[in-house]
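Only a predicted model underlies this, so the values are computations on that prediction, with no experimental measurement involved. Quick note on labels: first sequence line is chain A, next is B, and so on, each numbered from 1.
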Protein chains: 2
Amino acid sequence: MNTSPQNAARESYHHGDLRAQLLEATRQLVEEKGPDQFSVSEACRRAGVSTAAPYKHFKDKEEMLHHIAHAGMERQRQQMLDELALCEAGTLDRIVAMGRVYIRFALAEPGVFRLMFGLSEDHADHCDLVQLGDDTFCVVQSEVAKCHGRSEVIESDVNEAFLLWSFVHGLSFLLIDGKLKEAKVPFDMEITLLDIARRVVGPSGSEN
Amino acid sequence: MNTSPQNAARESYHHGDLRAQLLEATRQLVEEKGPDQFSVSEACRRAGVSTAAPYKHFKDKEEMLHHIAHAGMERQRQQMLDELALCEAGTLDRIVAMGRVYIRFALAEPGVFRLMFGLSEDHADHCDLVQLGDDTFCVVQSEVAKCHGRSEVIESDVNEAFLLWSFVHGLSFLLIDGKLKEAKVPFDMEITLLDIARRVVGPSGSEN
DNA sequence: ATCTGCATGTTAGCACCTCTAACATATGTT
DNA sequence: AACATATGTTAGAGGTGCTAACATGCAGAT
């Protein structure tokens, strides 16, 4: 807790803010090198501590990454809520806005985005991540229902929300994996999102 | 080249079929543990050779995984062509069939599927993977055009094909990541695919 | 048939990584 | 002041990717 807890060079034996600084280093490295290439050692180097230090704050490497993924989901969710606050209620614009935020987040933080969804889905332990994702999904369902003039979510709303989610999720991955560069697909994000919203939250394609 | 190149216990100094056997072990491990958890050492153990042996056949770990991803793409592509051969030309069924194969492959071989798309998109080196993906994507474009009664692919076909790809890609990942378990989305694959095909390769949602 | 070259296996070892144990130092409670 | 606790350190075990140097066997030239 000396002059500058930010700087690596510290004068006191104790760090003062190591936990937060390790998490920040982890987040940066996940972005720079990708979740796979992240190493605890490198985060330690960046924070200016020994390689054993993190284990006073985190159970293991997985737990560090888990925190990053969790924070990412909360950031993404908050961005959605912020964007929704700017749109008129019950309009397709709100659907488009959520998709825009989803994809914008993926493009802005591809490393964290990959972590959020790529992190092992091994049942428990990560149930808070699953919970956060579900919460966000529920917001989408609710918006779809409102577009149809309903205040209650019915099964077809769930279905349409899930179609929308699949689409933006897939588009996000194709974009950050660069699959659309070579395939020379000329597309405008805003138009595409509106197009999809119209096609999905519109006249149904089948009786079901 | 003795009695059984399959069995780990070999009598001769030389293995006879190490390259193929290492690739098979790699494929198995990628499925069992996931691409991240795969280790060359373990593949060696499974093939019954020392940890240095693979480097007579492959440049590095990355190259081994690359082969698995490549083989996966070819398998997926072949499955698509096989399935297409069973469908009547110019029908939506063909679109549905391709989506079905895509998702079925992801569910059957999630490890390889992740590898196919998760493997570093670092420019060159993997250009053959990109090429294979593009080839498959071109087939989708062509099928979309045929559904519209065209023999030539025009820009709107590319766009619709890309919407379809995004959707099945996203759905595949959501499924193998188990995101749809907790969200209790009740859906029938065949109906959903047909639904999407109708919505996308149907009346456009916007003028563009 | 033998010699010799090359492909393909081995062991040894470096550098790096995760994580633990044992020890050191600062902090705050009594 | 004494002590318990939190949080840092060094040392090291065990795993991993990969290379260098050496060993073995196959195959073609003489």
Distances under 3.5 Å only, N/O to N/O: pair up the protein atoms with those of nucleotides 15-17 of chain C.
{"residue": "C:dC17", "atom": "OP1", "partner": "A:Arg45", "partner atom": "NH2", "Å": "3.2"}
{"residue": "C:dC17", "atom": "OP2", "partner": "A:Arg45", "partner atom": "NH2", "Å": "2.9"}

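Distances shorter than 4.0 Å separate none of the side-chain N or O atoms of A:His57 from OP1 or OP2 on D:dA6.
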Donor-acceptor pairs under 3.5 angstrom involving side-chain atoms of residues 47-58 of chain B: please list them, not counting sequence neighbours.
none

Result block: side-chain N/O donor-acceptor pairs under 3.5 angstrom for residues 104-112 of chain A, not counting sequence neighbours:
{"residue": "A:Glu109", "atom": "OE1", "partner": "A:Arg75", "partner atom": "NH2", "Å": "2.5"}
{"residue": "A:Glu109", "atom": "OE2", "partner": "A:Arg75", "partner atom": "NE", "Å": "3.2"}
{"residue": "A:Glu109", "atom": "OE2", "partner": "A:Arg75", "partner atom": "NH2", "Å": "3.4"}

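Distance CG (A:Asp17) to C1' (D:dA6): 15 Å, rounded to an integer number of Å. Atom NZ in A:Lys56 sits roughly 12 Å away from atom C1' in C:dT25 (whole-Å rounding). Distance, B:Arg19 CZ to C:dA7 P: 14 Å, rounded to whole Å. Rounded to whole angstrom, the span from the OH atom of A:Tyr55 across to the P atom of C:dC19 amounts to 4 Å. At whole-Å resolution of the value, NZ in A:Lys59 and P in C:dT18 are 15 Å apart. Separating the CD atom of B:Gln21 from the P atom of C:dT8 is a distance of 15 Å, rounded to the nearest angstrom. Across the protein-nucleic acid pair, A:Asp36 atom CG and D:dG17 atom C1' stand 15 Å apart, rounded to whole Å. Between the P atom of D:dT24 and the CG atom of B:Leu18 lies a distance of 18 Å, rounded to the nearest Å.
Scored by the side-chain contact (heavy atoms from CB on, under 4.5 Å) test, B:Gln131 finds B:Asp135 as partners (sequence neighbours excluded). Residues satisfying the side-chain contact (heavy atoms from CB on, under 4.5 Å) criterion with A:Asp36, sequence neighbours excluded, are B:Asp36. Evaluation of the side-chain contact (heavy atoms from CB on, under 4.5 Å) rule for A:Ala197 yields A:Leu92, A:Ile95, A:Val96 as partners, not counting sequence neighbours.
For B:Ala53, the side-chain atoms get nearest to C:dT10 when compared with the rest of C:dT10, D:dG8, C:dT20. The side chain of B:Thr51 approaches D:dC18 more closely than any other nucleotide in the set D:dT9, D:dC18, C:dT10.
Contact check on A:Lys146 versus A:Asp157 returns no salt bridge, with no Lys/Arg side-chain nitrogen under 4.0 Å from an Asp/Glu carboxylate oxygen.
Using modelled atom types, one finds no donor on one side chain facing an acceptor on the other under 3.5 Å when comparing A:Glu83 with A:Gln79.
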